[in-house]
Protein chains: 2
Amino acid sequence: MTHPNPVPVPTLRDVAEAAGVHTATASRALNPKTRQQISAETARRVMRAAQALGYQPNSAARSLKTARSSTVGLVIPDLTNPLFPPIVRGVESVLESDGYNVWIVNTDNDEERERAKIESLRSRQVEGLIIATARLEHPLLGQLHEQGVTMVLINRQVDNLRIPAVTGDDATGVAAAVRHLADLGHTRIAHLSGPLSTSTGRVRSRAFRHAVRDLGLPGDLMVECGHWSEADGAAAMRALLARTTDFTAVVAGNDPIALGCYDVFAERGLSCPHDVSVIGFNDMPFLDKLRPPLTTVAVPHHELGAEAARMLLNCIDEPDRAARSVLLPASLVVRGSTAAPRATVLPEP
Amino acid sequence: MTHPNPVPVPTLRDVAEAAGVHTATASRALNPKTRQQISAETARRVMRAAQALGYQPNSAARSLKTARSSTVGLVIPDLTNPLFPPIVRGVESVLESDGYNVWIVNTDNDEERERAKIESLRSRQVEGLIIATARLEHPLLGQLHEQGVTMVLINRQVDNLRIPAVTGDDATGVAAAVRHLADLGHTRIAHLSGPLSTSTGRVRSRAFRHAVRDLGLPGDLMVECGHWSEADGAAAMRALLARTTDFTAVVAGNDPIALGCYDVFAERGLSCPHDVSVIGFNDMPFLDKLRPPLTTVAVPHHELGAEAARMLLNCIDEPDRAARSVLLPASLVVRGSTAAPRATVLPEP
DNA sequence: CAAGCCAGCGCAATCGTTTGCGGGAAACGA
DNA sequence: TCGTTTCCCGCAAACGATTGCGCTGGCTTG
């Protein structure tokens, strides 16, 4: 028989009856926290019965009664962006060991979707939110914060809000990138920043300005990309080249933007790193397989997620502890897209 | 005040009181399915009250009462494997429009983790499972199937079980790859297969055997990789080279295995595609950025997920319809890692 | 021997929704 | 005017687990 039955799933009551005790006793016997209120012998009987019946507690009933769900929501823009899977796994790695589960939702950076997804999470009684989609101005987060929703931000920050956040140390990452280029002898370094409406874009761009200024280099070689994408990176690089060819290195706002540079170099017959050095940001997978392998700033994404999860657990456990944000160190990964500049400037196209 | 209150979340009762009706009426007014049982005027009042209070139905209470959860479980080995995010999004894209939500769990291909995760999903009353981790022999799936759990398999099949599955058409993909190489003039084509304990590995390897046989080419150039990884691909390529250098092309079981070939070629000073042509499988992201860009077989992962979701919805709606499996077409993506063979065989190392 | 204590267990209320059922009132036909 | 239908709506019982409280019986203690 391939279709034997809609096997009636056993409830606590069934277990209790099988063990010859009351449901209350069965409940206590099954819960390690309350098991010592029950005689060892009875507890054993109950657990055996549960095992035999294949009993699984109905988590809906449990969270209805306890007003807890052992679930946290994880809000990300898009899972197919390779940045996020490691973050997800990082979050899960610490939450799971604490008995929590993770609900993942994708917002595609759409405000309406985001609102809807978060509402759905809240109706599922999540005990906290980890949010990796925050824009600088973000009314929704403000509302949630005022309603006392416990949450932690990843990778971005929101203006004027005291929400705990964990981010990569973009500033020192960018500084290391600039310093690396300067050490190679570059003096005219450009920056293709991400959208300045994101905190990441803004932080990295400011860090770049500071870094070049500190080294006494010109700080006017900057273009803002419309999105964090390869296409926008290429467009920005074209815009930069239309303005000037007097630069020998580029710090891209992230890896796709750097890939956009690769595309334009191929178009124009420019050689990387001989004509132009490029540095990306994030250290996405497979960058070491590119031609040339991309020098980039590695951000500890897994640890970012793990730390955010730890902070969230703290917030849940002690709601009125001060919210502290943390910065995780980023590190430069030197590969083949950076080299000493040629003696001359770029050839005119 | 940053810590105003643990705002008491409004319940249906609050809404009902605010609207001056009974909770039953409020419930019916809020549910589009039952709204016509209520006078338009009253329904409006209730909805307004709900809006004003920011009411969100408690989904735990709801699923306790209705014994439904509007949730399906999605079981994958590892989210950081770039194969899976598109599948996830594909699943979500069709499930969401039907009001379902998706629970994602990672098993890391560990049998114990998998069992635990699936139990946790079941205790959450998921209405169905989409499983992308099936091994050929898989006792757990057998049990679940006998218990009447509705589920759909992605990308793999399980021996002897009539579980609906949606998979890429690996056989024609491999055939296309072999045919492409033969058309280029290759006559000695090797295959670095994935583990033969997976249905994917087995199907592709058999397809390779058939394809070369149909073209009258030798079928003895095969090595099995221990895992679907770059390292194991490299090891397999080394093993192959230790055995013979008399081949001019390689069909890899998947993209990372092909990358492993790249690594060994770099070690040995072999040039791809001039000395050896390579074809991967899956068309992971960024393969077009490699040097050389990897020719590969593209599998429609998003559509795989979407179709699996559709099938699962069908199974949920009409449990006793025959389970049909579907095959989605794979297509060859020709890039730079394949070319006509040199006149001579490989140089001796 | 009586009083007190405690360990072990059962009772019953409760969480927030849904839903079958029944009742009151309005509307209708006769 | 009265009976009957129809339309809205309220009543109350679930769903399955948790938990404060109280009861019981066996034990210690003075």
Side-chain angles (χ1 to χ4, degrees), chain A residues 6 8-47 49-50 53-71 99 120 122-127, chain B residues 6 8-47 49-50 53-71 99 120 122-127:
Chain A
V9 317
T11 77
L12 187 59
R13 185 200 198 90
D14 299 325
V15 174
E17 281 178 3
V21 297
H22 193 263
T23 58
T25 308
S27 172
R28 284 187 263 253
L30 259 16
N31 183 341
K33 294 257 174 200
T34 51
R35 192 169 299 155
Q36 80 289 344
Q37 303 173 20
I38 300 295
S39 79
E41 157 60 13
T42 307
R44 221 186 338 262
R45 267 212 329 279
V46 172
M47 296 174 67
L53 294 179
Y55 168 73
Q56 293 283 55
N58 180 323
S59 64
R62 170 178 296 169
S63 39
L64 176 58
K65 176 61 185 170
T66 61
R68 298 196 33 196
S69 62
S70 296
T71 301
S120 127
R122 298 200 59 200
S123 84
R124 285 196 146 69
Q125 322 295 118
V126 296
E127 297 178 32
Chain B
V9 318
T11 77
L12 187 58
R13 183 200 199 92
D14 298 324
V15 174
E17 280 178 4
V21 299
H22 192 265
T23 57
T25 309
S27 172
R28 284 188 264 254
L30 260 15
N31 183 343
K33 294 259 175 199
T34 52
R35 192 170 298 154
Q36 82 288 343
Q37 303 174 18
I38 300 295
S39 79
E41 157 60 13
T42 307
R44 220 185 341 261
R45 265 209 335 277
V46 172
M47 295 173 68
L53 294 179
Y55 168 73
Q56 293 284 45
N58 180 323
S59 65
R62 170 177 297 170
S63 38
L64 176 58
K65 177 62 187 171
T66 62
R68 297 196 33 196
S69 63
S70 296
T71 302
S120 128
R122 298 200 59 199
S123 83
R124 286 196 146 69
Q125 323 293 119
V126 297
E127 298 178 31

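Every chain is numbered from 1 and lettered A, B, ... according to where its sequence line falls, protein lines coming before strand lines. Everything quoted here is computed from the prediction, not taken from an experiment.
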Between CD of B:Glu17 and C1' of C:dG16 the distance, given in whole Å, is 13 Å
Any B:Ser27 side-chain nitrogen or oxygen under 4.0 Å from OP1 or OP2 of C:dT18: yes
How many Å lie between CD on B:Gln37 and C1' on D:dG10, as a whole number? 13 Å
Quick one, A:Arg45 and A:Val21 - any side-chain contact, counting heavy atoms below 4.5 Å? yes
Considering heavy-atom distances to DNA chain D, does A:His22 or B:Thr42 have its closest nucleotide positioned more toward the 5' end? B:Thr42
Sugar-phosphate, base or nothing in reach of B:Leu12, heavy atoms under 4.0 Å: base
Taking the minimum atom-to-atom distance to the side chain of B:Thr11, which one of D:dT19, D:dG10, C:dG16 wins? C:dG16
Counting only side-chain nitrogens and oxygens, does B:Thr66 get under 4.0 Å of the OP1 or OP2 atom of C:dT18? no
Taking the side chain as every heavy atom from C-beta outward, state whether B:Leu12 and B:Leu30 have any pair of such atoms under 4.5 Å apart. yes
d(CD1, A:Ile38; P, C:dC6) in whole Å: 18 Å
Per atom distances to the B:Asn58 side chain, the nearest of D:dC9, C:dG16, C:dC9 is C:dG16
A:Thr71 versus B:Arg124, side-chain donor and acceptor atoms under 3.5 Å: yes
If you look at every strand shown and take non-hydrogen atoms under 4.0 Å, does B:Ala24 touch a base, only sugar-phosphate, or nothing? base
Starting at atom CD of B:Gln36, determine the distance to atom P of D:dT6, rounded to an integer number of angstrom. 16 Å
Distance in angstrom units between A:Lys65 NZ and D:dA14 P, rounded: 18 Å
Within the pair B:Arg62 and C:dT18, is there a side-chain N or O less than 4.0 Å away from OP1 or OP2? yes
Do the side chain of A:Thr34 and the main chain of A:Arg28 share a donor and acceptor less than 3.5 angstrom apart? yes
A:Leu64 CG - C:dT17 P separation (whole Å): 9 Å
Here's a test of your reading of the structure: between B:Thr23 and A:Ala26, which maps to the more 5' nucleotide of DNA chain C? A:Ala26
In this structure, how many angstroms lie between the P atom of C:dT17 and the CZ atom of A:Arg124, rounded? 14 Å
Atom-pair distance (CD on B:Gln125; P on C:dT18), nearest Å: 16 Å
If we ignore hydrogens and angles and just use 3.5 Å, is the side chain of B:Gln125 paired with the main-chain N or O of B:Arg68 as donor and acceptor? no
Does B:Ser39 put a side-chain nitrogen or oxygen below 4.0 Å from OP1 or OP2 of D:dC9? yes
Checking C:dA12, D:dC21, D:dC11 against the side chain of B:Arg28 (C-beta onward), the nearest is D:dC11
